[in-house]
Amino acid sequence: MPEIDSQAPVIRLPEPCLKGNLSLEEAITRRRSVRSFSTEAVTPAQLSRVLWAAQGITDMGRDLRAVPSAGATYPLEVYVVCGQDGVAGIGAGVYRYHPARHSLTLHLGGDFRADLARAALSQGCVARAPLTIVIGAYFTRTTRGYGQRGEMYVHIEVGHAGQNIYLQAAALGLATVAVGAFRDQAVREALHLEADCQPLYLMPLGKTA
Ligand SMILES: Cc1cc2nc3c(=O)[nH]c(=O)nc-3n(C[C@H](O)[C@H](O)[C@H](O)COP(=O)(O)O)c2cc1C
């Protein structure tokens, strides 16, 4: 289970804006997997909305999130692998998203996109997108209560998160693709993830080239 490093500088994300210009139906229609990205930076406001859609808190009182979770066990952890100038004003690095604080902390400094792309069978979209959102899971958070069936629940849950990212990206005029073809251990090593963190999805994000 990753500890929250109280020393790590906290990057507060802008409050996620809850009004969009696109209807849900239009976002579903526009959603497409895109593998070719421009080098234009994603704005902090856009990243804020995408991360909020992936795992943000939508009910503060009860600590419930944008994505359903079996028994509200929340096994998913979200990381952002950001290239130099991938997000305006945020340096190259691997950042961890904290839903409760809607903020990022630096997990690793530097541009790790090429290492991540190698772990993903050299898929060019991972190497070239301004950033990639990595969703990992700590299965025991869910299997503790649900046993082996909890494993299936975690896989279902990451699909919810991935779809929210797709739809939020479409609503913002951004693009993404759900990447499931990668070597688990190579992703762990590239991003210094813990041994019990199972990477499940990589989602490069940016403007279509
Ligand atoms: C579980 C899963 C894994 C996927 N893995 C990859 C991948 O590794 N690389 C890739 O380019 N696309 C991947 N995709 C995206 C699919 O290729 C894409 O959804 C499909 O071609 C349909 O296109 P659409 O998403 O634009 O409707 C994956 C999709 C899913 C649901």
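In each ligand, atom 1 is the first atom listed, and ligand 1 is the first ligand listed.
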- Message: For ligand 1, which is the ligand I care about here, please tell me if V179 has any N or O atom under 3.5 Å from one of the ligand's N or O atoms.
- Response: no
- Item | Heteroatom distance test (V177, ligand 1): nitrogen or oxygen, under 3.5 angstrom | no
Quick check, are the ring centers of [X] and [Y] under 6.0 angstrom apart?
{"X": "Y146", "Y": "Y153", "value": "yes"}
{"X": "F139", "Y": "H155", "value": "yes"}
{"X": "H107", "Y": "Y95", "value": "no"}

Which protein non-hydrogen atom lies closest to [atom], naming both residue and atom, and how far is it?
{"atom": "atom 9 (N) of ligand 1", "value": "Q123 OE1, 2.8 Å"}
{"atom": "atom 27 (O) of ligand 1", "value": "R32 NH2, 2.7 Å"}
{"atom": "atom 22 (C) of ligand 1", "value": "S33 OG, 4.7 Å"}
{"atom": "atom 5 (N) of ligand 1", "value": "G180 N, 3.0 Å"}
{"atom": "atom 16 (C) of ligand 1", "value": "R35 NH2, 3.7 Å"}
{"atom": "atom 8 (O) of ligand 1", "value": "A181 N, 3.0 Å"}
{"atom": "atom 4 (C) of ligand 1", "value": "A178 O, 3.1 Å"}

- Task: Answer yes or no: is there a side-chain heavy-atom contact under 4.5 Å between V10 and R101?
- Result: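 Heavy-atom side-chain distance check passes, below 4.5 Å.
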- Query: Do P9 and T105 have side-chain heavy atoms sitting under 4.5 Å apart?
  - Reply: no
- Query: For atom 13 (C) of ligand 1, is the nearest protein heavy atom under 4.0 Å away?
  - Reply: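 Protein heavy atoms within 4.0 Å of atom 13 (C) of ligand 1 - there is at least one.
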- Indicate whether atom 20 (C) of ligand 1 is within a distance of less than 4.0 angstrom of some protein heavy atom. no
- Query: Relative to the heavy atoms of R31, which atoms of ligand 1 are at a distance of less than 4.0 Å?
  - Reply: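 Listed by number with element, the hits are 24 (P), 25 (O), 27 (O).
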- Item | Given V134, V158, D184, the one that forms side chain to side chain contact (heavy atoms under 4.5 Å, CB included) with L200 | V158
- Query: Taking the non-hydrogen atoms of Y201, is any one of them nearer than 4.0 angstrom to ligand 1?
  - Reply: yes
- Measure from NZ or CZ of R141 to the centre of the six-membered ring of Y74, then state whether that distance is under 6.0 Å and the direction lies within 45° of the axis. no
- Query: So does D59 have more than 12 non-hydrogen atoms from other groups sitting under 6.0 Å from CG?
  - Reply: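 Counting neighbours around CG of D59, more than 12 heavy atoms of other residues, nucleotides or ligands fall under 6.0 Å, so yes.
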- Message: Using a strict threshold of under 4.0 Å (side-chain N to carboxylate O), is an ion pair present between R31 and E26?
- Response: no
